[in-house]
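Reckoned from all heavy atoms, side chains included, excluding hydrogens, waters and symmetry mates.
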Amino acid sequence: MATLQKPENPLLVQARVVVALMLRDMRVTFGTSQLGYFWAVFSPAFGTSMLVVIFSFISRHPPIGTSFGLFFALGIIPFEMYRKINSSLMSVLDQNKGLLAYPLVKEFDVIFARFFLVFLTYLLIMIIFYSGLIVFLGVAPPSRIEQVIAAVGSAALFGLGIGVTNAVLLRLWSSWRQVEGILSRPMFFTSGILFIPTIFPPYIRDLLSWNPLIHVIEWIREGYYPNYHSVLLDKQYLYGWIGGLLVFGMVGERLYRKKVK
């Protein structure tokens, strides 16, 4: 007598789909050679190193600590991770229309596969870069590693939320990419990558505090430096942005999906 096969856990099935999509993205993006993924890690790490060297010559005395390279890296790498997650997710649905024809592949599988691939890539870059600064330049390790990890995770989730939201807006309005590019351009200069908020008067700090990314970078630096306490950091404000963007983006994607069916 034939025995009925127990159905697989749907979450396990979707997890396998996401992993398979990640591996596919790696092959498509980085090629089949063994050095493909190495270049994916090396290229942004090298670019960040060049920026660190250039800005170190401009300003040798960081606002916190003794290494301007460390101070700059604590801001620029999380910012670049957020920017890469956002730009990758904005067009991920249009790039994978063919895959969405398969019954097992859902829109959120494609989104999460790309998100995890970019996040893990930049996490590896951070580990290599910060470890190199500690080993070769003798900078101190983070004083509160759990706070640094939480802040980096928040940067990734913020990138996920805004990336999904932008993907939905891009589907509704094809010119949104150009508008988003203009709106996001000042983020580099207002996110605290090159400064700490205490150098500005209170009314400037109030304006800067509207930018969620400055809270991420302030949180990372507060977790890394033992004696740094941010005058601006508001975690609840950051959580509000992350939660609001994730809900808006994911609900918006589901509504759009139903509209086009």
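Between T121 and K84, every side-chain heavy-atom pair lies at or beyond the 4.5 Å cut-off. By the 4.5 Å heavy-atom criterion applied to side chains, V92 and I111 are counted as neighbours. With contacts defined as side-chain heavy-atom distances shorter than 4.5 Å, the pair K235/S154 does not qualify. For the pair L74/I217, no side-chain contact is recorded, criterion being any heavy-atom separation below 4.5 Å from C-beta on. Here the side chains of I214 and S209 are not in contact, with every heavy-atom distance at 4.5 Å or above. By the 4.5 Å heavy-atom criterion applied to side chains, R221 and S230 are not counted as neighbours. Here the side chains of L70 and Y224 are in contact, with some heavy-atom distance below 4.5 Å.
Atom-to-atom distance recorded for I162:CD1 and S184:OG is 8.0 Å, nearest 0.5 angstrom. Atom CD1 of residue I76 and atom CG of residue L194 lie 7.5 Å apart, to the nearest 0.5 angstrom. Expressed to the nearest 0.5 Å, how far CZ of R205 lies from CD1 of I199 amounts to 10.5 Å. Summarising the geometry, atom OH belonging to Y225 is positioned 11.5 Å from atom CD1 belonging to I220; distances are rounded to the nearest 0.5 Å. Between atom CZ of residue F119 and atom CG of residue L124 there is a gap of 11.5 Å, rounded to the nearest 0.5 Å. Atom CZ of F72 and atom CZ of F79 lie 10.0 Å apart (nearest 0.5 Å).
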Open item on the list: With side chain to side chain contact (heavy atoms under 4.5 Å, CB included) as the criterion, how do R254 and E107 come out once you've worked through the C-alpha distance, each side chain's angles and the decisive distance to 0.1 Å?
Closed with: CA-CA 9 Å; R254 291 297 296 268; E107 281 79 356; over 6 Å; no
TODO: Show your reasoning for whether side chain to side chain contact (heavy atoms under 4.5 Å, CB included) applies to D94 and R171.
DONE: CA-CA 8 Å; D94 291 334; R171 281 184 153 192; 4.1 Å; yes
Task: Residue pair M81, V152: steps toward the side chain to side chain contact (heavy atoms under 4.5 Å, CB included) verdict - done: CA-CA 9 Å; M81 179 184 69; V152 169; 4.1 Å; yes
Task: Chi angles and distances behind the side chain to side chain contact (heavy atoms under 4.5 Å, CB included) call for W173, V179 - done: CA-CA 10 Å; W173 185 26; V179 176; 3.7 Å; yes
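Y122 and M90 fall into different hydrophobic clusters, where Ile, Leu, Val, Met, Phe, Trp and Tyr are joined by side-chain heavy atoms under 4.5 Å apart, directly or via other members. No continuous path of hydrophobic side-chain contacts links I145 to M126 [ILVMFWY only; heavy atoms under 4.5 Å]. A single hydrophobic cluster is seen to contain both L137 and I128, as judged by linkage of ILVMFWY side chains at heavy-atom distances under 4.5 Å, directly or through other members. In the hydrophobic clustering of ILVMFWY residues, with side-chain heavy atoms under 4.5 Å counting as a link, V135 and V139 come out apart. Side-chain heavy atoms closer than 4.5 Å link hydrophobic residues (I, L, V, M, F, W, Y) into clusters, and following such links, possibly through other members, connects Y82 to F112.
Side-chain N/O atoms of R24 and N96 include a donor and acceptor closer than 3.5 Å. Side-chain atoms of E218 and Y228 form a donor-acceptor pair, as typed in the model, at a separation below 3.5 Å.
Nearest heavy atoms, L93 versus A167: CD1-CB, 4.5 Å. Of all heavy-atom pairs spanning S91 and S87, the tightest one is OG-O, 3.9 Å. Looking at every heavy atom in both residues, E253 comes nearest to V168 through N-CG2, 3.5 Å. The two atoms that bring G159 and I85 nearest to each other are C-CG2, 3.5 Å, heavy atoms only. Heavy-atom minimum distance, P142 versus I134: CD-CD1, 4.4 Å. The nearest pair of heavy atoms linking M22 to A113 is CG-O, 3.3 Å.
By the 4.0 Å N-to-carboxylate-O rule, E180 lies too far from R177 to be salt-bridged with it.
Within the structure, no pair that satisfies the side chain to side chain donor-acceptor pair (under 3.5 Å) test touches residues 124-146, not counting sequence neighbours.
A donor-acceptor contact shorter than 3.5 Å links the side chain of D109 to the backbone of K106. Of the possible polar contacts, one joining the N211 side chain to the T190 backbone as a donor-acceptor pair under 3.5 Å is found.
Residues satisfying the ring pair (Phe, Tyr, Trp, His ring centres under 6.0 Å) criterion with F200, sequence neighbours excluded, are F195.
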Can you give each donor-acceptor pair under 3.5 Å made by side-chain atoms of residues 236-250, sequence neighbours left out, with the distance rounded to 0.1 Å?
{"from": "Y237", "atom 1": "OH", "to": "W210", "atom 2": "O", "distance (Å)": "2.7"}
{"from": "Y237", "atom 1": "OH", "to": "W241", "atom 2": "NE1", "distance (Å)": "2.8"}

